[in-house]
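Residue numbers start from 1 in every chain, and the chains themselves are labelled A, B, ... in the order their sequence lines are given, proteins ahead of strands.
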Protein chains: 2
Amino acid sequence: MTRILVVDDEPQIVRALAINLRARGYEVRTAATAAEALQQASAHQPEVVVLDLGLPDLDGTEVIAGIRGWSDVPILVLSGRSDSLDKVAALDAGADDYVTKPFGMEELLARLRAMLRRGGRVEEETPEVRLGEVSVDLAAHRVVRGEETVRLTPTEWHLLEVLLRNPGRLLSQRYLLEEVWGPGYETAQGNLRLYMGQLRRKLEPDPARPRFLVNEPGMGYRFEP
Amino acid sequence: MTRILVVDDEPQIVRALAINLRARGYEVRTAATAAEALQQASAHQPEVVVLDLGLPDLDGTEVIAGIRGWSDVPILVLSGRSDSLDKVAALDAGADDYVTKPFGMEELLARLRAMLRRGGRVEEETPEVRLGEVSVDLAAHRVVRGEETVRLTPTEWHLLEVLLRNPGRLLSQRYLLEEVWGPGYETAQGNLRLYMGQLRRKLEPDPARPRFLVNEPGMGYRFEP
DNA sequence: CGACGTCGTCAGGATCACGTGAGGGGCGCC
DNA sequence: GGCGCCCCTCACGTGATCCTGACGACGTCG
């Protein structure tokens, strides 16, 4: 099912959008603040984002930038201000479309369809990753080793997800910490080592000599496919 | 140069658009009728199409369909009617965006940029630099020599990065030292020699006779592509 | 021919980063 | 309240990395 993330601080708008979208068969997640939006976006990997610019905690363009840093998901911006400069800023920040309130529901749905149509052409995803005898299903959040399934804690999963979405690339500790623990945790490197160890213990054939979750001293970590 | 096709039957609008777009470095073709538009689109393969719905000979949605039959080029629709049903029809026919007249030139340009950005993303960028049989992927922080990957320490990477980002240019020891080790280390030239040697040993086909990481006595070092 | 400066290489120890173990606090569940 | 799970902090051994100094090779110039 197509996942949509709706971000707006006005509950009645969120409600109206959610009802209309669910009625058309979309799976809808909602967020009322920028922080919540960024978290939901990374956690649930929506296929399109509907974003209100007037959020209480952060400027809308910063939310766009925060998502564009790691994802190409189409973003449709919603705004009360019909100010033209606003549109320019949002679109240049990386948004894909712009609608001003009040908007017609039919028009919004048509624009969403257009975005999904366009975006759907690009991604051809295979959500199954193999690490030796272990297979990871990113979509189903499942890890299987031989016959039995492996249990991962939320933090372990989050870390693994970030690594697996960047196969072969070296990711700095700073980036990993910010991605998994959020901003402000850039110094908790002991933590990162700990969880990397846990993942290796659960996934690697020989945890003492890692083959897939590799460290480059002083640089960061890398998932070697 | 980026090619844009502008389709409108009102000469003054075509003229205004063409002037503004050309001023921003786009290559502009124009068409006043649907027939002309379809012919131009197939002849010149524009990277984005700006299309007015109110054409004399054919309905706008038919033009969209006529283009969509063979091309994924982004289409921005322009219309005098702010009727919502119109937008829905155009977007569902395969348009990617919709702007109503009168429109702000800045907004239109921003939307065009957004569309071009999205379309251009299809091609995956891999900034790969080659040194003989060794290939360096700057983004993934990865060096491959034949089959196996070469491990570089942080300092080695930093130095290599500076060199590779200035292909063919001669870089003084002073500059390299300041760039890699930071200010205050301008006198540690032994260091620079050491790490240059390490890089050559790991990357050059014959480390004793360097072909890519060259020294110019008394001057500095140069990466020879 | 010899002095000099620059460059490349080698080997030492100091320092830093990484992996691992043990233990405490917070939270939900029985 | 007790229990289990998850998260985080701290400490220590080990290995890698970095810097320093010394040495020989080469080319230049007096």
Side chain of A:Pro217 only, heavy atoms from C-beta on: which candidate in D:dC8, C:dC18, D:dC19 is closest? C:dC18
Residues B:Glu204 and B:Arg211 bridged, charged N to O under 4.0 Å: no
Is it true that the side chains of B:Gln198 and B:Arg201 contain a donor and an acceptor less than 3.5 Å apart? yes
Which nucleotide, C:dG21, D:dA16, D:dT20, lies nearest any side-chain atom of B:Asn191? D:dT20
Of the nucleotides C:dG8, D:dT9, C:dC18, which has the atom closest to the A:Asn215 side chain? C:dC18
Output the rounded distance in Å from CZ (A:Arg201) to C1' (C:dG21). 10 Å
Regarding A:Arg151, tell me which of base, sugar-phosphate or nothing describes its non-hydrogen contacts under 4.0 Å with the strands shown. sugar-phosphate
Parallel, tilted or perpendicular: which fits the ring planes of B:His141 and B:Trp157, with parallel below 30° and perpendicular above 60°? parallel
Starting at CG of B:Leu152 and ending at C1' of C:dA17, how long is that distance when rounded to a whole Å? 17 Å
Starting at CG of B:Leu199 and ending at P of C:dT9, how long is that distance when rounded to a whole Å? 12 Å
How is B:Arg209 classified with respect to the nucleic acid when contacts are heavy atoms under 4.0 Å: base, sugar-phosphate, or nothing? nothing
Could you check how far CD of A:Gln189 sits from C1' of C:dG19, rounded to whole Å? 14 Å
Pick base, sugar-phosphate or nothing for B:Gln173, based on heavy-atom distances below 4.0 Å to the nucleic acid. sugar-phosphate
Ion pair check, A:Asp97 and A:Arg111, cut-off under 4.0 Å: yes
Just call it for B:Gly218: base, sugar-phosphate, or nothing, with non-hydrogen atoms closer than 4.0 Å on any strand. sugar-phosphate
Given D:dC8, D:dC6, C:dT9, which nucleotide is nearest the side-chain atoms of A:Trp181? D:dC8
Candidates C:dT20, D:dT9, D:dT20 - which lies nearest the side chain of A:Arg193: C:dT20
Send over the distance from A:Leu192 CG to C:dG19 P, rounded to a whole Å. 9 Å
